[in-house]
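Structure first, commentary second.
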Amino acid sequence: MAGVQDQLEIKFRLTDGSDIGPKSFPVATSVATLKESILAQWPKEKEHGPRTVKDVKLISAGKILENSRTLGECRSPLCEIPGGVTTMHVVVQAPSLEKDKKAANQTKKNRCLCVIL
C-alpha cells in the first residue's frame with residue numbers, strides 16, 4: 001500500500017483545454033523533471049510550444065511550482081484522494097521582447113562614436 005502513496009497520477013492541462021497524460025510519477029520527482037516530460041510529450045501540431053524548461057510554468061492548487069522542489073513537497077491535501085488524478089495547469093511564457101530590446105539598446109550605448117569636424 002505504501003508503494004501506491006509514493007506515486008502521484010498527474011495530468012497536465014494546456015491553455016487550450018487539452019490534456020497531456022495522465023501519467024504516474026514518484027513523489028520524489030522534481031518539478032524540473034515534470035517540465036522535461038511535458039516538453040517531450042508536447043503536441044507537435046500546437047503552435048507556440050515551449051522550447052526550454054524555463055518557458056514552462058506549472059500551477060497546482062493555485063501555486064506556481066518551483067523547479068527545485070519535488071512533488072512530495074508541492075503536494076496539496078487534495079492529492080491524498082486514493083485513485084485521484086491531480087491536474088496541473090501548464091502556462092507557456094513567450095520569450096520576452098523587452099529583454100531583447102534592452103540588450104539591443106545596451107549594445108548601442110556601449111559603442112564608441114567619433115565625429116570629425
Side-chain angles (χ1 to χ4, degrees):
M1 194 75 173
V4 173
Q5 292 178 347
D6 292 341
Q7 297 279 324
L8 285 177
E9 194 78 15
I10 300 173
K11 72 176 173 182
F12 302 102
R13 175 75 37 97
L14 307 180
T15 55
D16 66 355
S18 62
D19 294 329
I20 296 175
K23 186 176 177 183
S24 186
F25 293 93
V27 293
T29 303
S30 71
V31 172
T33 303
L34 288 179
K35 291 180 179 184
E36 289 170 2
S37 176
I38 291 168
L39 285 174
Q41 297 177 40
W42 191 267
K44 302 298 181 210
E45 67 275 2
K46 297 218 182 282
E47 293 181 19
H48 309 295
R51 287 183 258 156
T52 66
V53 170
K54 291 181 180 182
D55 295 341
V56 177
K57 298 290 182 205
L58 277 180
I59 302 171
S60 180
K63 295 181 181 175
I64 297 174
L65 305 182
E66 298 174 23
N67 288 346
S68 60
R69 302 195 63 189
T70 65
L71 283 176
E73 295 170 337
C74 300
R75 184 165 45 183
S76 74
L78 296 175
C79 295
E80 303 299 327
I81 300 170
V85 176
T86 302
T87 300
M88 291 188 180
H89 295 269
V90 179
V91 177
V92 177
Q93 284 189 315
S96 176
L97 295 176
E98 289 180 24
K99 289 181 184 176
D100 295 339
K101 287 180 182 177
K102 285 182 183 178
N105 286 340
Q106 191 67 15
T107 57
K108 288 180 183 176
K109 289 180 184 177
N110 292 336
R111 275 196 236 164
C112 179
L113 298 174
C114 296
V115 178
I116 301 173
L117 298 174

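Basis for what follows: all heavy atoms, side chains included, without hydrogens, waters or symmetry-related copies.
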For residues 22-29, which side-chain N or O atoms pair as donor and acceptor with protein atoms under 3.5 Å away, sequence neighbours left out?
{"unit_1": "Ser24", "atom_1": "OG", "unit_2": "Gln7", "atom_2": "OE1", "d": "2.8"}
{"unit_1": "Thr29", "atom_1": "OG1", "unit_2": "Pro26", "atom_2": "O", "d": "2.8"}

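Residue pairs meeting the salt bridge (Lys or Arg N to Asp or Glu O under 4.0 Å) criterion with at least one member in residues 27-38, sequence neighbours excluded, do not occur. Applying the salt bridge (Lys or Arg N to Asp or Glu O under 4.0 Å) test to every pair with at least one member in residues 57-72, sequence neighbours left out, gives these pairs: Arg69-Glu73.
Under the side chain to side chain donor-acceptor pair (under 3.5 Å) criterion, Arg13 pairs with Asp19, sequence neighbours left out. Residues passing the side chain to side chain donor-acceptor pair (under 3.5 Å) test with Ser68, sequence neighbours excluded: none. By the side chain to side chain donor-acceptor pair (under 3.5 Å) test, Glu9 is found to be paired with no residue, residues two or more places apart in sequence or in another chain being considered. Residues that satisfy the salt bridge (charged side-chain N to carboxylate O under 4.0 Å, His left out) test with Lys46, not counting sequence neighbours, are Asp16. Looking at residues two or more places apart in sequence or on another chain, you find a side chain to side chain donor-acceptor pair (under 3.5 Å) between Ser30 and Thr33.
With rounding to the nearest 0.5 Å, the separation of CG in Leu58 from SG in Cys74 is 9.0 Å.
Using a 4.5 Å cut-off on side-chain heavy atoms (C-beta onward), Leu71 and Thr86 make no contact. The shortest side-chain heavy-atom distance between Pro50 and Val90 does not fall under the 4.5 Å cut-off. Contact of the Val56 side chain with the Phe12 side chain is not registered, since no non-hydrogen atoms from C-beta on lie closer than 4.5 Å.
Closest heavy-atom contact between Val53 and Asn67: CG1-ND2, 4.2 Å.
Paired with Met88 under the rule side-chain contact (heavy atoms from CB on, under 4.5 Å), one option of Ile59, Leu34, Ile38 passes, and it is Leu34.
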